[in-house]
Amino acid sequence: MPKHHPLSDTKTLRAQARKHIDQGSVTAGYSADRAKVLQLLNDALATELVCVLRYRRHHFMARGIHSQSVAQEFLEHSNEEQAHADMLAERIVQLGGAPDFAPDGLTARSHAEYVEGKTLASMVRENLVAERIAIDSYRELIIYLGENDPTTRRCVETILAVEEEHADELADLLVTIPDKAFAEPKARK
Ligand SMILES: [Fe+2]
Ligand SMILES: [Fe+2]
């Protein structure tokens, strides 16, 4: 049986809105655990930032092995992860929190890892692993949020859809790339 939430009358809505006005968009009707949501969003932010850096590194290294199309793909993903980081930071501030951009402990806060990868194939594989980690953690976050914070949920759902596209593109790339394309610069004489 679904739980019925009674609709508030206008008088109650107006009175509630005047209380705790310093909390901005966070009203009395906000039913999620705000501290917990902020923590989870900051973990997701750390994950996105690590992904920005890993894709950036891979972009420049792939360029070095003359793989322009893969390098371009890595750059696009890096930029999209940066956009996700910005969306999360913005939502954290709306919820009255502070986004954690501290480089110290970034990889520990992140779900995904920073793996450099020696070959083009290993870079693609590491990125695919990271995307799959992000997909699972965002899906769990969406389920956790449920109906208690629809705006955060919508934000995370938008990000999740892009991570699924990323994973799909990487899976396509993986089948086309030989394992021998090394990223290590050739030793100079
Ligand atoms: Fe992302
Ligand atoms: Fe992604």
Side-chain angles (χ1 to χ4, degrees), residues 32 36-63 65 67-95 97-146 149-177 181 183:
K36 181 75 182 163
V37 171
L38 287 172
Q39 172 67 54
L40 294 169
L41 291 178
N42 261 316
D43 292 349
L45 174 60
T47 303
E48 295 291 352
L49 293 172
V50 165
C51 291
V52 169
L53 296 172
R54 195 193 52 256
Y55 272 124
R56 219 80 183 172
R57 150 98 184 182
H58 290 181
H59 164 66
F60 287 105
M61 291 306 278
R63 257 180 27 172
I65 26 182
S67 188
Q68 296 301 329
S69 60
V70 181
Q72 188 55 33
E73 195 77 49
F74 289 162
L75 179 61
E76 278 165 26
H77 286 201
S78 179
N79 290 340
E80 282 165 349
E81 309 305 9
Q82 182 63 62
H84 296 164
D86 292 344
M87 287 166 71
L88 292 166
E90 195 172 342
R91 186 59 189 153
I92 287 167
V93 171
Q94 276 182 352
L95 288 173
D100 190 352
F101 282 94
D104 283 351
L106 184 62
T107 50
R109 298 197 302 279
S110 164
H111 301 129
E113 293 171 285
Y114 181 89
V115 180
E116 294 182 342
K118 281 192 162 52
T119 65
L120 201 56
S122 70
M123 289 181 206
V124 175
R125 207 178 304 118
E126 286 303 328
N127 289 325
L128 179 53
V129 170
E131 294 292 351
R132 288 169 57 85
I133 291 168
I135 287 167
D136 270 347
S137 68
Y138 281 129
R139 198 180 289 125
E140 283 178 18
L141 182 50
I142 289 164
I143 292 166
Y144 172 78
L145 290 167
D149 184 341
T151 305
T152 302
R153 183 180 160 150
R154 205 172 333 115
C155 169
V156 174
E157 282 172 346
T158 305
I159 296 173
L160 172 63
V162 177
E163 310 304 9
E164 289 180 354
E165 275 175 33
H166 286 173
D168 197 44
E169 285 161 5
L170 292 164
D172 286 348
L173 278 179
L174 199 55
V175 292
T176 64
I177 292 170

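When a ligand or atom number is given, it counts from 1 through the structure's own listing order. Side chains included, hydrogens not; waters and symmetry mates left out as well; all remaining heavy atoms used.
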Name of whichever N/O/S atom of Glu48 is nearest to the Fe ion (ligand 1): OE1
Just to verify, what does [X] make a side-chain hydrogen bond (donor to acceptor under 3.5 Å, both in side chains) with, not counting sequence neighbours?
{"X": "Glu113", "value": "none"}
{"X": "Asn79", "value": "Arg56"}
{"X": "Ser110", "value": "none"}

Metal environment of the Fe ion (ligand 2), protein N/O/S under 2.8 Å: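 Sorted hits: Glu81 OE2, Glu131 OE1, Glu131 OE2, Glu163 OE1, His166 ND1.
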Donor-acceptor contact below 3.5 Å, side chain Arg153 vs main chain Tyr144: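 No: the side chain of Arg153 does not pair with the backbone of Tyr144.
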Donor + acceptor pair across side chains of His58, Asn127 (<3.5 Å):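 A donor-acceptor contact under 3.5 Å links the two side chains.
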Polar side chain donor-acceptor pair, Glu81 to His84, under 3.5 angstrom: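 The answer is yes; a qualifying pair exists.
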